[in-house]
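Structure first, commentary second.
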2 protein chains.
Amino acid sequence: MSNRRDAVHAVLRQSEGFRSAQDVYAEMRAEGAKIGLTTVYRALQALADTGHVDVLRTDDGESVYRACASGDHHHHLVCRTCGRTVEVAGPAVERWAEAIGSEHGFTEITHTVEVFGTCAVCSTAARPARTPSRA
Amino acid sequence: MSNRRDAVHAVLRQSEGFRSAQDVYAEMRAEGAKIGLTTVYRALQALADTGHVDVLRTDDGESVYRACASGDHHHHLVCRTCGRTVEVAGPAVERWAEAIGSEHGFTEITHTVEVFGTCAVCSTAARPARTPSRA
DNA sequence: ATGATTTTGACAACCATTTTCATTTGCGCG
DNA sequence: CGCGCAAATGAAAATGGTTGTCAAAATCAT
């Protein structure tokens with residue numbers, strides 16, 4: 001039944017960071033799974049709707065998904081090089097958003113917060129290619 | 001030369017909230033301006049690159065632009081009904097993002113923060129959404 | 001089994017955005 | 001002026017992720 005959906009979910013679970021639909025589809029096909037792109041999209045949407053995975057948009061408008069450990073509201077710290085993602089909580093930010101909103105007479109406040117950076121591994125690996133001037 | 005670019009910029013200045021490229025293009029054509037969609041896109045990109053306008057992505061992946069009053073780093077409080085936008089500063093959030101990042105060994109931290117809500121006007125006039133942004 | 005219902009997936013349709021490329025425009029210079 | 005070059009422009013075609021279509025296949029209930 002939701003056999004396919006579970007398969008999709010499984011792929012996400014095995015992933016470190018966010019994956020795109022096309023990405024997941026490609027991997028599944030590469031592993032020999034018989035599944036259509038349409039189904040992957042539908043599974044991903046369903047999973048997102050039921051809150052089983054988190055979604056966000058990349059800078060170029062692509063939707064990327066991730067199976068998160070916590071079902072609670074949280075944000076992400078994403079390495080812009082390797083994509084590794086850390087789930088972070090930010091009570092302070094939640095309160096700030098609420099405060100800012102009501103301060104301006106807004107209700108039903110929601111917010112999107114994502115933090116990007118270069119993780120320790122990637123920053124040491126990709127050091128500034130400066131010519132060793134031996135000085 | 002940047003005659004078109006200025007024209008595009010002008011349209012954004014007159015707008016209350018974020019506008020899409022197609023949107024801006026439509027308005028300009030409606031006003032009789034002779035301009036191509038391609039040029040609008042290019043102008044918007046250029047404006048964004050030079051930091052003259054802010055860009056963000058809607059939930060459905062469309063890019064929307066806004067001429068912001070402040071050139072400094074700031075975030076937005078956007079009414080999800082009428083689109084009215086308030087520029088807000090959030091020193092606390094900036095510090096939080098930095099802290100979270102370095103706490104996990106990440107460097108070159110950047111972040112995206114957007115707050116959505118229903119503004120006072122729209123929440124009282126809880127009726128089938130009509131855009132009153134036009135006086 | 002048999003028909004009903006849901007799921008699937010190949011393929012076409014969408015649509016914002018980008019690319020292509022030929023034409024126009026701005027402009028310095030002889 | 002007129003010539004030519006280079007940047008700007010825009011119509012049309014290409015791109016590419018995502019969604020819609022619809023008939024075939026899997027699943028279920030009786």
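In the text below, chain A, chain B and the rest are named by the order of the sequence lines, each starting its count at 1.
Here the P atom of nucleotide dA11(D) and the CD1 atom of I35(B) are 10 Å apart, to the nearest Å. Atom CZ in R19(B) sits about 14 Å away from atom P in dT17(C), given to the nearest Å. dT24(C) atom P lies 14 Å from atom NZ of K34(B), rounded to whole Å. Taking atom CZ of residue F18(A) and atom P of nucleotide dG17(D), one finds them 19 Å apart after rounding to whole Å.
Applying the ring pair (Phe, Tyr, Trp, His ring centres under 6.0 Å) test to every pair with at least one member in residues 86-107 of chain A, sequence neighbours left out, gives no pairs at all.
For R57(A), the side chain to side chain contact (heavy atoms under 4.5 Å, CB included) partners are S63(A), not counting sequence neighbours. For D59(A), there are no side chain to side chain contact (heavy atoms under 4.5 Å, CB included) partners, not counting sequence neighbours. Residues satisfying the side chain to side chain donor-acceptor pair (under 3.5 Å) test with Y25(A), not counting sequence neighbours, are R29(A). Not a single ring-ring contact (aromatic ring centres under 6.0 Å, His included) links F116(A) to another residue, sequence neighbours left out. For Y41(B), there are no ring-ring contact (aromatic ring centres under 6.0 Å, His included) partners at least two apart in sequence or on another chain. D49(A) pairs by the side chain to side chain contact (heavy atoms under 4.5 Å, CB included) definition with nothing, not counting sequence neighbours. Remark: S102(B) pairs with no residue by the side chain to side chain contact (heavy atoms under 4.5 Å, CB included) rule, at least two apart or across chains.
Aromatic ring orientation, H111(B) versus H75(B): tilted (interplanar angle from 30° to 60°).
Listed in residue order, the members of residues 50-63 of chain A having a heavy atom less than 4.0 Å from DNA chain D are E62(A), S63(A). For DNA chain C, no neighbouring residue in residues 20-33 of chain A is found when judged by any heavy atom under 4.0 Å.
One finds the CZ atom of R13(B) at 8.5 Å from the CG atom of D6(B) (value rounded to the nearest 0.5 Å).
For the OP1/OP2 pair of dG9(C) and a distance below 4.0 Å, the side-chain nitrogens and oxygens of R4(A) include at least one atom meeting the criterion.
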Which pairs would a plain distance check flag for residues 82-90 of chain A, meaning a side-chain donor or acceptor within less than 3.5 Å of a matching protein atom at least two apart in sequence or in another chain?
| unit_1 | atom_1 | unit_2 | atom_2 | d |
| --- | --- | --- | --- | --- |
| T85(A) | OG1 | G83(A) | O | 3.0 |
| E87(A) | OE1 | S70(A) | N | 3.3 |
| E87(A) | OE2 | R66(A) | NH1 | 3.2 |
| E87(A) | OE2 | A69(A) | N | 2.8 |

What does the list of N/O pairs under 3.5 Å between the protein and nucleotides 18-22 of chain C look like, with a distance for each?
| unit_1 | atom_1 | unit_2 | atom_2 | d |
| --- | --- | --- | --- | --- |
| dT18(C) | OP1 | Q45(B) | NE2 | 3.3 |
| dT18(C) | OP2 | Q45(B) | NE2 | 3.0 |

